[in-house]
Amino acid sequence: MTSLAKPARDEWLLATLDGMLTIEQLAQLRAQPVERLWDEVVKRNLAPDDDLVKAVAARFHLKIGDVNVVSQRAKDLVPEALARKFRVLPLSVSDAVLDIATSDPFDLDCERSLAFALGRTIRMAIAGPRRIAERIDEVYRPENVFEKILEKVQRSYDVENIVDRRNDSELDLGLARAGERPVIQLVDRIIAEGIQSRASDIHLEPEESGVSVRYRIDGVLRQVMVLPKAAGIPLVSRIKIMAQLDIADRLRPQDGRARVAVSGNRVDLRISTLPASQGEKVVIRILDQRSTVLSLDSLGLLPGELTSIHALLQAREGIVLVTGPTGSGKTTTLYSMLRAVQARGVNIVTVEDPVEYRLQGIVQVQVNEKAGLTFPAALRSILRQDPDVILVGEIRDRETANVAIQASLTGHLVLSTLHTNDAASSVTRLVDLGIESYKIAAALKGVVAQRLMRRLCTHCREPARGQVPERMRRWFPDHGTMYRSVGCPECAMTGYLGRLAVEEVLQVSDEVERRIAGNEMVERIVDAARATGMRSLWDSGVQHVQQGETTVEELLRVLEAPADASAPASISGRHLTPTSSTGKSFELVEDEQPSRAVAKKVLLVEDEGPLRRVMKHLLEREGFVVHEAGDGVVALEAIDRLAPDLVVLDLHLPRFDGYGVLRHLRARPATQSLPVIVLTAKSDEDSEVRAFEYGASDYLIKPFRARALTARIHSLVDQRARVAQ
């Protein structure tokens with residue numbers, strides 16, 4: 001090889017290129033002098049940048065640098081001027097070593113200068129020069145990040161914010177860049193692509209390495225991009241401006257609304273911010289009525305379910321509930337019901353928080369607690385407006401439940417939602433809220449429990465040839481035809497396109513009404529409902545799979561398979577779990593077992609009244625004599641007075657916490673051996689270890705299965721009895 005007229009600064013690269021390029025390509029490269037061989041090779045497309053990185057790393061036994069991870073301390077330590085001069089990117093730093101990414105590991109001048117200036121040993125990793133230059137710009141000049149991102153966007157979006165808002169000049173941004181065109185364009189792109197991707201929510205989540213942008217499509221979150229961390233504040237500020245939120249307040253959660261026009265189509269946005277450790281998280285709920293057909297026929301219901309729901313809506317008075325967890329489509333089902341009822345030519349008024357969809361011909365009231373317009377207050381005013389049908393967005397407390405029940409008993413049809421696991425548990429929830437059983441029986445017309453499952457893409461689905469899992473064979477015989485997801489451009493390679501509703505419809509028959517009024521157990525109500533044809537959520541999901549509308553994997557993702565084929569799917573595997581968004585009310589959902597007659601005393605120490613009542617009822621069924629205490633001070637006094645055989649102790653108590661109670665019990669000879677089961681919502685290892693160090697006999701994390709609690713109590717009580725003998 002002839003030498004270059006003027007050696008390149010990275011002439012050492014020739015030995016590596018000799019094994020990667022042809023003789024002709026090497027000759028072309030050496031035909032004219034260049035400053036850096038690496039840059040020229042990539043520029044002429046003679047070899048990919050990544051291949052060069054791997055080849056150099058392998059040849060010289062160097063580590064490949066992860067340029068996406070740059071610690072703030074390393075960035076602050078290495079001045080921008082030095083990084084640009086030596087074309088290096090600081091990655092991480094300790095008291096003795098600085099890790100950098102470089103494309104020239106033989107640059108001794110760089111190594112010596114950095115070591116002298118920073119007083120640390122320099123440890124080099126290899127990376128491509130072009131990528132290093134890009135990251136230097138992003139790390140040291142974050143103001144250019146939006147322009148660089150937008151340069152990669154080939155498509156333009158016509159997005160217009162049409163919500164009335166304050167003048168930008170009146171806002172103290174702290175970062176005036178929130179109103180700059182690149183920031184606006186980037187927010188427009190994120191929102192427009194989310195809408196066009198059929199996303200129901202857009203999540204902007206601050207992380208250590210940047211800001212993650214994720215779309216929730218068909219109920220599943222998908223990450224679409226990661227922005228540099230410096231982009232977080234301007235993006236959040238811009239979104240807050242759109243929603244008329246306080247951009248100067250980054251320490252409190254905020255909620256707002258916005259309306260945008262995407263290519264001429266109006267779309268409502270519901271925006272929520274939440275302060276987090278790495279910055280503010282933003283969730284944008286997309287309320288696009290074009291993609292949400294508010295019709296019962298569009299929900300993918302089975303014929304029997306659709307018939308049952310239409311039968312419920314024929315009622316002229318009473319209350320109909322839709323239940324399920326957050327994100328199960330309750331609001332869409334309620335609005336679809338309203339559309340069906342609206343055809344009767346009735347006066348419909350809703351009270352919601354927030355109003356998600358604006359419906360033509362229906363009066364919708366937005367709750368405003370600051371102004372005193374709460375659910376109960378709005379309901380009372382609505383009753384004076386001569387409504388035929390009332391929609392209550394959610395029954396959250398006793399007062400709202402009382403007014404809703406009263407309205408349903410005085411000639412109004414009331415539609416509302418509850419957070420429960422299945423249809424029959426709604427009765428327990430209303431009782432927990434303080435509603436008398438006879439009122440529930442008289443008012444309740446029916447309950448619809450709901451979940452959403454992804455629908456198979458009909459463009460690419462194909463028959464499933466594998467064997468059905470052993471535990472699923474009783475629902476899916478081998479001769480049945482089922483399908484599996486594949487993935488195609490129509491469904492963004494996910495295999496699923498859209499969602500369908502899985503329903504459990506409980507219609508209140510005379511027998512169901514009698515059992516509700518008699519305050520009978522949930523399973524007794526379920527038995528009566530199933531006798532009149534109610535199918536469980538699991539049964540509904542199985543039929544959708546059998547019809548080829550979804551997959552077994554999707555069924556198991558959404559619903560839990562019944563533990564016993566002979567038991568009703570809707571009540572098997574029950575447990576103690578919160579039934580409200582605040583987690584303060586609980587219901588008993590556990591398989592009933594034959595009770596044992598054990599005349600032992602148990603003290604329940606728990607400050608949450610609903611949970612305490614449910615556990616008391618459970619243990620009394622097991623034959624225990626149960627006493628209660630709401631805080632640690634009362635608990636210690638009760639232990640001295642009652643001498644219980646066992647204590648169930650919550651750790652987080654008012655006045656005197658569970659750790660203090662344990663310490664006092666173990667310090668006194670009379671209670672040193674008293675069995676204590678610790679009950680807590682904290683699942684971390686430190687809390688568990690600390691509880692045992694203070695003398696706990698057992699440790700149980702909320703939510704827990706009821707049988708797990710009773711089994712532990714029986715074991716400890718029996719063990720203590722054997723020791724006493």
Side-chain angles (χ1 to χ4, degrees), residues 431-432 434 519 576 578 583-588 590 593 595-682 687-688 690-725:
V431 171
D432 286 345
N519 201 23
L576 286 168
K584 291 296 183 183
S585 297
F586 289 76
E587 59 174 326
L588 172 63
E590 174 58 82
Q593 299 293 320
S595 61
R596 307 183 213 176
V598 181
K600 299 293 184 179
K601 289 183 288 187
V602 174
L603 176 64
L604 294 179
V605 188
E606 168 63 60
D607 64 323
E608 294 181 7
L611 175 58
R612 198 169 63 240
R613 289 194 297 272
V614 172
M615 289 195 297
K616 179 180 179 182
H617 178 72
L618 166 68
L619 296 181
E620 286 177 341
R621 278 177 26 196
E622 293 283 324
F624 292 103
V625 176
V626 181
H627 301 276
E628 304 174 62
D631 63 55
V633 174
V634 175
L636 289 173
E637 185 274 333
I639 290 170
D640 291 338
R641 176 169 47 86
L642 301 170
D645 297 285
L646 181 138
V647 177
V648 178
L649 176 67
D650 186 20
L651 283 181
H652 301 283
L653 298 168
R655 295 208 289 173
F656 199 60
D657 67 11
Y659 295 114
V661 173
L662 274 172
R663 186 171 60 250
H664 275 70
L665 292 180
R666 297 316 181 214
R668 295 153 56 186
T671 55
Q672 275 184 347
S673 60
L674 176 65
V676 179
I677 297 179
V678 164
L679 188 68
T680 180
K682 299 188 70 173
S687 297
E688 184 173 358
R690 186 182 177 196
F692 281 114
E693 288 176 344
Y694 275 80
S697 307
D698 208 338
Y699 190 90
L700 201 56
I701 299 170
K702 303 176 190 176
F704 51 84
R705 294 188 179 276
R707 287 178 59 191
L709 175 63
T710 57
R712 283 167 161 82
I713 292 176
H714 281 299
S715 175
L716 288 171
V717 169
D718 293 346
Q719 181 181 353
R720 191 184 192 205
R722 287 194 300 270
V723 171
Q725 292 173 357

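Everything numeric here is computed off the predicted structure, so don't read it as measured data.
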Taking atom [atom1] of [X] and atom [atom2] of [Y], what is their separation to the nearest 0.5 Å?
{"X": "Leu618", "Y": "Ile713", "atom1": "CG", "atom2": "CD1", "result": "7.5 Å"}
{"X": "Leu653", "Y": "Tyr659", "atom1": "CG", "atom2": "OH", "result": "11.0 Å"}
{"X": "Lys600", "Y": "Asp718", "atom1": "NZ", "atom2": "CG", "result": "8.5 Å"}
{"X": "Leu679", "Y": "Leu604", "atom1": "CG", "atom2": "CG", "result": "9.0 Å"}
{"X": "Thr680", "Y": "Glu688", "atom1": "OG1", "atom2": "CD", "result": "10.0 Å"}
{"X": "Ile677", "Y": "Tyr699", "atom1": "CD1", "atom2": "OH", "result": "13.5 Å"}

For [X] and [Y], work out which heavy atoms get closest and say how close.
{"X": "Pro675", "Y": "Arg720", "answer": "CD-CD, 3.6 Å"}
{"X": "Arg666", "Y": "Gln672", "answer": "NH1-O, 3.0 Å"}
{"X": "Ala638", "Y": "Pro644", "answer": "O-CD, 4.5 Å"}
{"X": "Val678", "Y": "Ala696", "answer": "CG2-CB, 3.5 Å"}
{"X": "Gly658", "Y": "Leu649", "answer": "O-CD2, 3.5 Å"}

**OP:** Report the C-alpha separation of His617 and Val626 in whole Å, then their side-chain angles, then the decisive distance to 0.1 Å, and conclude whether the side-chain contact (heavy atoms from CB on, under 4.5 Å) test is met.
**Re:** CA-CA 9 Å; His617 178 72; Val626 181; over 6 Å; no
Subject >> Minimum side-chain heavy-atom gap Asp650-Val605 below 4.5 Å >> reply: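 With C-beta onward as the side chain, the pair stays apart.
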Original post:
Is the shortest heavy-atom distance from the side chain of Leu636 to the side chain of Leu665 under 4.5 Å?
Top reply: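 With C-beta onward as the side chain, the pair touches.
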Original post:
Under the salt bridge (Lys or Arg N to Asp or Glu O under 4.0 Å) rule, what pairs show up with a residue in residues 628-638, not counting sequence neighbours?
Top reply: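 Salt bridge (Lys or Arg N to Asp or Glu O under 4.0 Å) check on residues 628-638 returns Arg612-Glu628, Lys616-Glu628, Asp631-Arg655, Glu637-Arg641.
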**OP:** Please list all pairs passing the salt bridge (Lys or Arg N to Asp or Glu O under 4.0 Å) test where one or both residues lie in residues 667-678, with sequence neighbours left out.
**Re:**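 Counting only pairs at least two positions apart or across chains, the salt bridge (Lys or Arg N to Asp or Glu O under 4.0 Å) contacts touching residues 667-678 are Asp640-Arg668.
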**OP:** Take atom NE2 of His664 as the centre, draw a 6.0 Å sphere, and report whether it contains more than 12 heavy atoms from other residues, nucleotides or ligands.
**Re:**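 Atom NE2 in His664 is not packed in, count stays at 12 or less.
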Subject >> Option passing side chain to side chain contact (heavy atoms under 4.5 Å, CB included) with Val676 (candidates Val647, Val661, Val648) >> reply: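 Only one of Val647, Val661, Val648 forms a side chain to side chain contact (heavy atoms under 4.5 Å, CB included) with Val676, namely Val647.
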Original post:
Which of these, Leu646, Val602, Val625, sits in a side chain to side chain contact (heavy atoms under 4.5 Å, CB included) with Leu619?
Top reply: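 Answer to the side chain to side chain contact (heavy atoms under 4.5 Å, CB included) test with Leu619 among Leu646, Val602, Val625: Val602.
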Subject >> His652 backbone acceptor or donor facing Asp657 side chain under 3.5 Å >> reply: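 Side chain of Asp657 to backbone of His652, a donor-acceptor pair under 3.5 Å: no, none is there.
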